[in-house]
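Before any comments, here is the structure.
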Amino acid sequence: MSVASRLLLKRHSVLPGFNLALGFALLYLSLIVLIPLSAAFFKTFTLSWGAFAEAVTAPRVLASYRLTFFASLAAAALNAVFGLITAWVLVRYEFPFKRLIDALVDLPFALPTAVAGIALTALWAQNGWLGHWLPFKVAFTPLGVWVALVFIGLPFVVRTLQPVLEQLPHDLEEAAATLGATRAQALARVVFPQLLPALLTGFALAFARALGEYGSVIFIAGNMPMVSEITPLLIITKLEQYDYAGATALAVVMLVASFALLLLINLLQAWARRRQGATV
Amino acid sequence: MTIALPAVTPAKQPTSPLPRPTEDPRWLRGLLITLALAFMGLFLFVPLACVFYEALKKGWDVYFAAIVDPDAISALKLTLLAAGISLPLNLAFGLAAAWVVAKYDFRGKQILLTLIDLPFSVSPVIAGLIYVLIFGAQGWFGEWLRDHDIRVIFAVPGIVLATIFVTVPFIARELIPLMQAQGSEQEEAALLLGASGWQTFYRITLPRIRWALLYGLILSNARAMGEFGAVSVVSGHVRGQTNTLPLHIEIAYNEYQFAAAFAVATLLAALALVTLGLKVLVERQVKKTST
């Protein structure tokens, strides 16, 4: 047995290849992901603290944080509500074309973001299929950013809830009904609490995805500084002006935010697993 | 003379005597189905239909002209190249990572799992940026690369690297839960009966994970061909040289060649639909083989 396997393995295994597979996986991750990501942090060390603070708190940057944060939050919230309804309908009810519709839920994962971006822009522009019905502008305003973020976040809530709903035993609902609860009470006080961890996980996943989204947003946003400019676009703008340090400073802020979210999502998932384990 | 048969229409039994307590009332079902369909229609079906409508609005001639445009063809080639290089590499990584995570119990497994997922939580723009910081003109290797006349950023290698980055987790993600559920008894039996490590892998492990593997490849491919943000940062947008299909769409769109942009977009939308179709087939196979 080699040093690595003796140090790391908690239990001896007869299967070969631990060192080779772990070594390759770690080397690959280091070269492709970890070393390049660390470059972002090293680059910001070339900035003085004052310059860093100035780069990440300029008014235009703050406006982009606000837009990115609140548009992502609002999009994830809408997806939480309609994702819950969609998952419920897909698991509990029968209706025509259900399987086709179920398959299409993943469309935002499979459709390239640039395609989604130009399609949504064409739809919601003032002369578009949907835009011309509305008395206010959607495309080229913060509302347009929100529409694009709803699109790309749509599958997360549905796909996190579906497996939980499928495994949800009916007997608790039946018991609630037997004990005199109305259907509304059973749904609100028996079913919903069991779905809550998965719903929050889906919400957080949609939110995290929305924060970093670029392709589908830039077409529909109009990209006006201070109004409809998202943070990832600002990074690209700074890069195009050869302000590498400024771009990287923004990237570090976003990276820290996404790592914090990743941690939160892991905690939520652990909670969801415990909750599910308790009911089964 | 025929005898008139008595009408055989006894009073119809009510088909459902009492609603089941866990069944929602009809009006609620109708309302929720309508809401779900309206939401999906508005945010999924209409945009998808719009892509094809806008592409064909000016007729088939314009459509085909946009697709056989030399810049579009060269963008397609580059897209295929980037996907063609990134897929086998991520396949090797996915197999190695899934083997380690699923078959062994070791310290730091949770950390490894988080690291595998990391590219999912990094904005695509940042995925491009980090390679610029390393290989760009002002980057770590910028000077050395210039001295040796090697271009990575604003050239094909940068595009390939960015594509690899955004698709790292897909195959590993698909394989890990399946291989964990399958356990390693069969592999242990094969080894006990005298098979070598590689024989065990090829003859025992691989056939049992082939559908999940295929699914991972399909997802990975869809993302590789459609990636926009990361590739956009490292590409430099040189027409006919460093444009992938999504970048070609962006340029055409920004030049107000809407019909051309949407024509090329239908190719990627069709790829997305094929991906979803294959996904359904593969999921059915996984269910069949696992039961």
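Per chain, numbering begins at 1; letters A, B, ... match sequence-line order. Note that this is a predicted model, so its numbers are computed, not measured.
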Checking [X] against chain B: side chain, backbone, both or neither under 4.5 Å from a heavy atom?
X	result
V191(A)	neither
L205(A)	neither
L239(A)	side chain
F42(A)	side chain
L120(A)	side chain
L130(A)	side chain
R209(A)	neither
L100(A)	neither
A208(A)	neither
V158(A)	neither
T113(A)	both
L187(A)	side chain
A186(A)	neither
L34(A)	side chain

Tell me, for [X] versus chain A, whether the close heavy atoms (under 4.5 Å) come from the side chain, the backbone, both or neither.
X	result
D117(B)	neither
L44(B)	both
L273(B)	side chain
L35(B)	both

Quick one: are [X] and [Y] in side-chain contact, heavy atoms under 4.5 Å?
X	Y	result
L9(A)	D105(B)	no
V115(A)	V264(B)	no
L191(B)	P16(A)	yes
Y28(A)	I164(B)	yes
V33(A)	F165(B)	yes

Ranked by heavy-atom pairs below 4.5 Å to chain A, first place among L219(B), L95(B), L276(B), N254(B) goes to L276(B)

In terms of heavy-atom pairs under 4.5 Å, which option from G197(B), P246(B), A92(B) contacts chain A the most?
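The option with the most such pairs is A92(B).
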
Taking the six-membered ring for Trp, is the centroid-to-centroid distance between Y214(A) and F228(B) below 6.0 Å?
yes

Counting the benzene-type ring for Trp, do W129(A) and Y53(B) have ring centres under 6.0 Å apart?
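Distance test on ring centres: under 6.0 Å, yes.
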
Working note: F82(A) + F43(B), criterion ring pair (Phe, Tyr, Trp, His ring centres under 6.0 Å); need CA distance, chi angles, decisive distance, verdict.
CA-CA 11 Å; F82(A) 282 92; F43(B) 282 98; 8.4 Å; no

Write down the atom of [X], the atom of [Y], and the distance for their closest heavy-atom approach.
X	Y	value
P124(B)	G212(A)	CD-O, 3.5 Å
S184(B)	L15(A)	CB-CD1, 3.6 Å
F262(B)	I118(A)	CZ-O, 3.4 Å
C50(B)	A119(A)	SG-O, 3.8 Å

Can you tell me how far the CG atom of L37(A) sits from the CD1 atom of I126(B), to the nearest 0.5 Å?
8.5 Å

Could you tell me whether a side-chain N or O of Y104(B) sits under 3.5 Å from a main-chain N or O of S13(A), the two making a donor and an acceptor?
no

